[in-house]
Amino acid sequence: MYRISPIGRKSNFHSREKCLIGLVLVTLCFLCFGGIFLLPDNFGGDRVLRVYKHFQKAGPEIFIPAPPLAAHAPHRSEDPHFIGDRRRLEQKIRDELGDILDEPPAAGEGGGDSGAGKGQAPAPAQAPAPEHQDEREAGGDHQAANPVLAAPVQGEGGGGAAGSQSSHPQASSGQQSVLPLGGGGNDQAPDTLDATMEERRQKVKEMMEHAWHNYKLYAWGKNELRPLSQRAHVGSIFGSYDLGATIVDGLDTLYIMGLEKEYREGRDWIERKFSLDNISAELSVFETNIRFVGGMLTLYAFTGDPLYKEKAQHIADKLLPAFQTPTGIPYALVNTKTGVAKNYGWASGGSSILSEFGTLHLEFAYLSDITGNPLYRERVQTIRQVLKEIEKPKGLYPNFLNPKTGKWGQLHMSLGALGDSYYEYLLKAWLQSGQTDEEAREMYDEAMLAIMDKMVRTSPNGLTYVSDLKFDRLEHKMDHLACFSGGLFALGAATRQNDHTNKYMEVGKGITNTCHESYVRTPTQLGPEAFRFSDAVEARALRSQEKYYILRPETFESYFVLWRLTHDQKYRDWGWEAVLALEKHCRTAHGYCGLRNVYQQEPQKDDVQQSFFLAETLKYLYLLFSDDSVLPLDEWVFNTEAHPLPIKGANAFYRQAPVTLPASNAS
Ligand code: DMJ
């Protein structure tokens, strides 16, 4: 018998069937929604709360709609490979910079820096003290491990942290405490007594204080500061995890500048708070290595404080799962909790990136030497062997290598993004080894010879630049990132005499000059992210997405290296021009920001104080105005994040472990 349903249709179900259907529906609902609350540990009971907190931390950044990128119509005749590659590069930049390219200017921008006159320190902002303050005062039991801090060169009284215990070799002999910078004073540069240089150095030091104090006030323990909105930058490459990227990256700069109080704040934070245990972060192996491992290693070399060695090893150990590939070429990303590693989806056919897996050697080799554990060196030596043995098209290294097959991806070569620091680490591995790692020097010489031949070009008006090369076609464009190569060519030439020495030195000077030109051809006197060469333009950005400046250091790095090698005053003058430009356009009341378009008279600021501004930009500028005896280049070699590492056999602060474990016992 049929019943009539309320909507006038016949019901086909008996009540038993209805019960059954009801039961099925209830079960389905239970399965759908119950999972949120009941799934086991890795989806733990506090998941909802954690997701909520995550959103809360990210705050408005998640909800502010991103404006579209400035429209750019690709050139009609553009090679489709170029378009694909540009997309990948844009993605890499986006990964590196997070949301800063898209985010609209924070409310109040423009007024943000009104308190800071040109080159003038603004009044200190009032804000709550950082959370660790009380703990720090209660602590202080690590005195014996604390380094001696001192004003590094003349003009600051040479005193430093009077009475501090030192763990470095000089102090153990009862000498007056000095920072372990080696060298003998004014041996090479008679102008170092120049009061102007001293003023310049002090100015850069004041910039560092400004950057640090505002980070401390508004983003302490977070990764980076947003100076305009006075909050943490959670869209950085290290995300919203409280890893203190600015602390770890900036601490050796504070140390070099003799900023003792600030240095101690940072050291205390690292001791009390820094750990990768119990967090499930997906970290970039490269970035974590150059900033965190590199930073800790330098601090260990400077101070001998075992805290830094332990932390360096702790971080490197978290990266090791990324090396579990058929070739030993590591993946780009690793999850610190699960150890699951992977590559970026955008990188050519699942490839790893040359500038990333090729920029681990200095840190891992040094870590082995100070811990006595050969494992780290073995890992990077494996990478070296793969790169040594693989066939190189025309002697060049493409930017992409598949870690599973050991085959190259797309044949794109660059001394800028995706390639850059691999070449740097070949030369520097040789330098770091006390010039005994001949294999590295040979690989460097061969690579640079091919680059000279295939990629270095001179513009009609005589500017030297390094093009990118894509499937045999030159793209006459240079990234700001490639501006480090002025210093690299020059350093290579200065450390070995051969048939190419003079030519390489000229190219090094030429590239540095070109990068300077890219700066002075803008109204802000700060250089764009990339610049091009054509019949119409030289050393100028053409596309809207190439016109930003994010406080990058590479041009100043080359000024510093060229100054040390030539003592040509122009490099110091160029550095000072940059200081004035940074003060005029990038300084705000609460820290330093990048610019969205260096070609505008009054450019918008991007509201991000990059950790590398403290690690690299300010360090290189400070050293540019310092005496040669501060971190002499024959005793220290800078990692790609400007963290100086000691040179074996030439530097008393190498701190080699007394015993190296046999490989089989070490892992
Ligand atoms: C830094 O993190 C390092 O210098 C890296 O090698 C390239 N890019 C940034 C700074 O621009």
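Order of appearance sets the numbers: ligands from 1, and atoms from 1 within every ligand.
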With a 4.0 Å cut-off on heavy atoms, does Arg291 reach ligand 1? yes
Nearest heavy atom to atom 8 (N) of ligand 1, choosing from Leu481, Ile237, Asn639, belongs to Leu481
Polar contacts were defined as any N/O atom of the residue lying under 3.5 Å from an N/O atom of the ligand; does this apply to Asp420 and ligand 1? no
Partner set under salt bridge (charged side-chain N to carboxylate O under 4.0 Å, His left out) for Lys648, not counting sequence neighbours: Asp369
Enumerate the atoms of ligand 1 whose separation from the nearest heavy atom of Glu616 is less than 4.0 angstrom. 1 (C), 2 (O), 3 (C), 4 (O), 9 (C), 10 (C)
So is Glu554 polar-close to ligand 1, meaning N/O to N/O under 3.5 Å? yes
Aromatic ring proximity Phe531/Tyr519, centre distance under 6.0 Å: no
Do Arg441 and Asp445 meet the salt-bridge criterion of a basic N to acidic O distance under 4.0 Å? yes
Among the heavy atoms of Glu424, does any lie under 4.0 Å from an atom of ligand 1? no
Answer side chain, backbone, both or neither: which part of Ser355 comes under 4.0 Å from ligand 1, heavy atoms only. neither
How about Cys483 and Cys515: are their SG atoms under 2.5 Å apart? yes
Aromatic contact, Tyr397 with Tyr422 (centres under 6.0 Å): yes
Rounding to 0.5 Å, atoms OG1 (Thr298) and CD (Glu641) come to a distance of 10.5 Å
Which atoms from ligand 1 have a heavy atom of Pro553 less than 4.0 Å away? 10 (C), 11 (O)
